Amino acid sequence: ETVYPFENKLFLGSMSGMYMYDLKNPLVPVKLGEFSHGRACDPVVTDGEYAYVTLHAGTNCGGEANELNVIDIKNLMSPVLVKSYELTKPTGLCKDGDLLFICDGASGVRLFDASNAAALQQIKQIPVQDPYDVIATGDHLMVVAKDGLYQFDYSNTNDIRQLSFYAIKR
């Protein structure tokens, strides 16, 4: 489901869990640890202390969970679930500093304050129809959705502005 490189580490999200590898020698990756969950599609991002894993049901991955798992990875060989948050139908996600963006089906893109991983606070809900992937960088958010590609300015999280939209015809 996901391949997420981070600081000489590789995080793999799969249908059965998250796997972490050391890439000091990229030709010979070394498995460090894993976090297992019920069967589900499993996108993952990390900030080095926590991994954020979305599980969503209703796909060929199986499973019934629609949630975000926050996992303490300070000890990569022994990851620990910090908390699970119920969501609508989460898919792609990204993190920029203390901001966590999650594509969440009919709920659009949810923006959370992730400064306390055990107590995420939703800041905003960005109305995008069926988003499935998101990239945040330099106060600009790119959202891939069922109907096209959106770009937002989130330099002021109280006033997130849409900058552009490119329709995708199917």
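Along the sequence shown, residues carry numbers from 1. Owing to the predicted nature of the structure, the values given are computational and were not obtained by experimental measurement.
- When all heavy atoms are compared, the tightest approach of Leu32 to Tyr21 is CD1-C, 3.9 Å.
- To the nearest 0.5 Å, atoms NZ (Lys31) and CG (Asp22) are separated by 14.0 Å.
- Cluster membership check: Tyr52 does not share its hydrophobic cluster with Phe101, using side-chain heavy-atom separations under 4.5 Å among Ile, Leu, Val, Met, Phe, Trp and Tyr.
- With Lys95 contributing its side chain and Gly97 its backbone, the two residues share a donor-acceptor pair below 3.5 Å.
- A side-chain donor-acceptor contact under 3.5 Å links Asp47 to the backbone of Tyr50.
- Contact detail for Cys103 and Pro131: the closest heavy-atom pair is CB-O, 3.5 Å.
- Residue-environment remark: NZ (Lys74) exceeds the threshold of 12 foreign heavy atoms within 6.0 Å.
- Residues Leu27 make up the rest of the hydrophobic cluster containing Val28, defined by ILVMFWY side-chain heavy atoms closer than 4.5 Å, directly or through other members.
- Rounding to the nearest 0.5 Å places OH of Tyr154 at 9.0 Å from CG of Leu111.
- Once rounded to the nearest 0.5 Å, the distance linking CG of Leu93 with CD1 of Ile135 reads 12.0 Å.
- Linking Ile, Leu, Val, Met, Phe, Trp and Tyr residues whenever their side-chain heavy atoms come within less than 4.5 Å places Ile160 and Val109 in a single cluster.
- Using a 4.5 Å heavy-atom threshold, the side chains of Thr88 and Arg110 count as touching.
- The shortest distance between side-chain heavy atoms of Tyr19 and Val44 does not fall below 4.5 Å.
- Connection of Val143 to Leu87 is not established within any shared hydrophobic cluster, with ILVMFWY side chains joined at heavy-atom distances below 4.5 Å, either directly or through further cluster members.
- Between Pro90 and Leu55 the shortest side-chain heavy-atom distance does not fall below 4.5 Å.
- Using bins of under 30°, 30° to 60° and over 60° for the plane-to-plane angle, the ring pair Tyr150/Phe165 lands in the tilted bin.
- Checked by atom type and distance alone, the side chain of Gln125 pairs as donor or acceptor with a backbone atom of Ser107 at under 3.5 Å.
- When the shell of 6.0 Å around CG of Leu149 is examined, it contains more than 12 heavy atoms from other residues, nucleotides or ligands.
- Across all non-hydrogen atoms, the minimal contact from Leu23 to Pro29 is CD2-CB, 3.9 Å.
- Closest heavy-atom contact between Asp96 and Ala136: CB-CB, 4.2 Å.
- Put simply, Val53 and Leu76 are part of the same group of oily side chains (I, L, V, M, F, W, Y) that touch within less than 4.5 Å, one to the next.
- Hydrophobic clustering (ILVMFWY, side-chain heavy atoms < 4.5 Å, transitive): Phe6 and Leu68 are in one cluster.
- When side chains are defined from C-beta on, Met18 counts as touching Met20, because their heavy atoms get closer than 4.5 Å.
- Taking OH of Tyr85 as the start and CG of Asn69 as the end, the distance is 10.5 Å to the nearest 0.5 Å.
- Interatomic distance, CD1 of Ile71 versus CZ of Phe35, reported as 4.0 Å (0.5 Å rounding).
- Remark: the backbone N or O of Lys89 is paired with a side-chain donor or acceptor of Asp104 at under 3.5 angstrom.
- Atom CD1 of Ile73 is separated from atom NZ of Lys9 by 9.5 Å, given to the nearest 0.5 angstrom.
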